[in-house]
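Notes follow once the structure below has been shown.
Chain letters run A, B, ... following the sequence lines, proteins first, then strands; residues in each count from 1. Keep in mind the model is a prediction, meaning the values are calculated, not measured.
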Number of protein chains: 2
Amino acid sequence: MNISEASELVGIPPKTIRYYEDIGLISSHRSENGYRVYDARDLHMLNFLGRARSLGFTIESCRSLLALYQDPDRASAEVKKVAQQHRDEIDCKIEELQAMRAVLTTLVESCRGDERPDCPILNALSAPLKLHQ
Amino acid sequence: MNISEASELVGIPPKTIRYYEDIGLISSHRSENGYRVYDARDLHMLNFLGRARSLGFTIESCRSLLALYQDPDRASAEVKKVAQQHRDEIDCKIEELQAMRAVLTTLVESCRGDERPDCPILNALSAPLKLHQ
DNA sequence: GCTTTACCTTCCAGTTGGTGGAAGGAATAT
DNA sequence: ATATTCCTTCCACCAACTGGAAGGTAAAGC
C-alpha cells in the first residue's frame, strides 16, 4: 500500500510519515518505482506512534517507547518510568497554565470592556517594575 | 544604560531584548559607539512585555497589547477581547492536558513496573488500529 | 495513443520564541 | 600594554511538523 492509503488508515498525514522516516523513527520499503510501500507491520508501528504522540509524548520518548516495545527482554519498569516522567511534565504544564488562567480571569473580570480607554488589564501589565533589590 | 543593565532590571536576557528589537516589538537608541541605550521609558516597555509574556501571551498578542497601551484612544473592549481569547486558548490547552493526564494516570497505575516485559502501557499503545469505517 | 489528473519523490523554507556560539570592535581594570 | 568584560552582528539550532516547488510515475478519460 502507498503512503496516502497508509496515511488514511492510521490518521497521520503523509508529510508526517515521511518526516518520521527522515528522523529515523520508522523505516520503509520501496517498490520498483521508488514509492514507499507499507504493510500491516508498518501500519502497526505508525499507529503506535500516533497513539503515543496523541498522549503528548515527545518524539524522543516515542523513540524510546518504540524501542522498548520491540525489545522482548524489556523491563516494564523502563516503560513506566518514561510514562511517569511524561505525566510529571504534564502536571507542571497544567499548573503553569492554571496560574496564568487565574491571573487572566481576575484581569478580564475587572475590565469593563467598553469604548473607554481606561483598562485594568493594561494597568496591571504596565505596573511599575519592582526592582529586585 | 546598556543592554545588560536593562536586562538585569527587567529580568529579560539581553539576547531576548535584541530579539524583540529584531522583530520590531521595541526600538532602541544607540550611543555613539553603536551600543544600545535604554531609558526609563524603554524599561517600562520591556517590563510590560515581560509581564505579558509571563502570562503566556504570544508575541503577536504582545504586539497588539503594546499598541493598545500606547493608543490613548483605545477602547478597553479591544484589550479585553485579546485577554479573553488568550484565556480561552489556555482553557483548551488545560483540557487537552488533563485528558492526556487522565489516560496516562490510568496506564501508569496499571503497570507493575518491575523487571518483567509485560506492560499494559505498551499494550495500550500497540492496540490494534480501529479502522475508521 | 495522448492527455489530464492524481499521486509520488526530494528538497528547501517557514512556523514559535527564543538560545548558543563565533568573529570582531569597544570599554574598563590591572 | 594587556587581559577581561561587554558590546555588535550574523548564522545556526531546538520541536514537530507543514507548505510549496520541481519533477517523475500511474491511472483514468477520450
Checklist outcome for this item: From CG of A:N33 across to C1' of C:dC7 the rounded distance in Å is 10 Å

Find every protein N or O atom lying less than 3.5 Å from an N or O atom of nucleotides 2-4 of chain D, and list the pairs.
none

Next on the checklist: If I take atom CD in residue B:E32 and atom P in nucleotide D:dC7, what distance separates them, rounded to the nearest angstrom?
Outcome noted: 18 Å

Next on the checklist: Keeping A:R36 on the side-chain end and A:I3 on the backbone end, is there a donor-acceptor pair under 3.5 Å?
Outcome noted: no

Checklist entry - Under 6.0 Å from the CZ atom of B:R41, do we count more than 12 heavy atoms belonging to anything else shown? => result no

Item to check | Touch class at under 4.0 angstrom, heavy-atom based, for A:P14 against every strand present | outcome: nothing

Checklist outcome for this item: Separation of D:dT18 atom P from A:Y19 atom OH, nearest Å, is 10 Å

Checklist entry - With a 4.5 Å limit on heavy-atom distance, are the side chains of B:I17 and B:S7 in contact? => result yes

Item to check | Residues B:S4 and B:N2: side-chain donor-acceptor under 3.5 angstrom | outcome: no

Checklist entry - Between the side chains of B:S76 and A:D118, is a donor N or O closer than 3.5 angstrom to an acceptor N or O? => result no

Next on the checklist: Does a side-chain N or O of B:T16 approach OP1 or OP2 of C:dG17 to a distance below 4.0 Å, or not?
Outcome noted: no

Checklist entry - Expressed in angstrom and rounded to an integer, what is the separation of A:E5 atom CD from D:dA26 atom P? => result 17 Å

Next on the checklist: Rounded to whole Å, how long is the line connecting atom CD1 of A:I12 with atom C1' of D:dA16?
Outcome noted: 13 Å

Item to check | Student check: side-chain heavy atoms of A:H86 and A:T58 closer than 4.5 Å | outcome: no

Next on the checklist: Can you measure B:R36 atom CZ to D:dC7 atom P for me and round it to whole angstrom units?
Outcome noted: 10 Å

Checklist entry - Which part of the nucleic acid does A:I23 contact within heavy-atom distance under 4.0 Å: base, sugar-phosphate only, or nothing? => result nothing

Item to check | Phosphate-side-chain proximity, A:S4 and C:dA6, N/O vs OP1/OP2 below 4.0 Å | outcome: no

Item to check | Separation of atom CZ in A:R30 from atom P in D:dT25, rounded to whole Å | outcome: 14 Å

Item to check | Of the listed nucleotides D:dT18, C:dA27, C:dG20, the one nearest the side chain of B:Y35 | outcome: C:dA27

Checklist entry - If you look at every strand shown and take non-hydrogen atoms under 4.0 Å, does B:R53 touch a base, only sugar-phosphate, or nothing? => result sugar-phosphate

Next on the checklist: I'd like to know if the side chain of B:R51 and the backbone of A:A127 have a donor-acceptor N/O pair within less than 3.5 Å.
Outcome noted: yes

Item to check | Proximity to the side chain of B:I3 - top-ranked nucleotide from D:dG24, C:dG21, D:dT8 | outcome: D:dT8

Checklist entry - Quick one: is C:dT9 close enough that its OP1 or OP2 comes under 4.0 Å of any side-chain N or O from A:R18? => result yes

Next on the checklist: Within the 4.0 Å heavy-atom criterion, would you say A:Y20 contacts the bases, only the backbone, or no part of the nucleic acid?
Outcome noted: sugar-phosphate

Checklist outcome for this item: Rounded to whole Å, CZ of B:F57 lies from C1' of C:dG17 at a distance of 16 Å

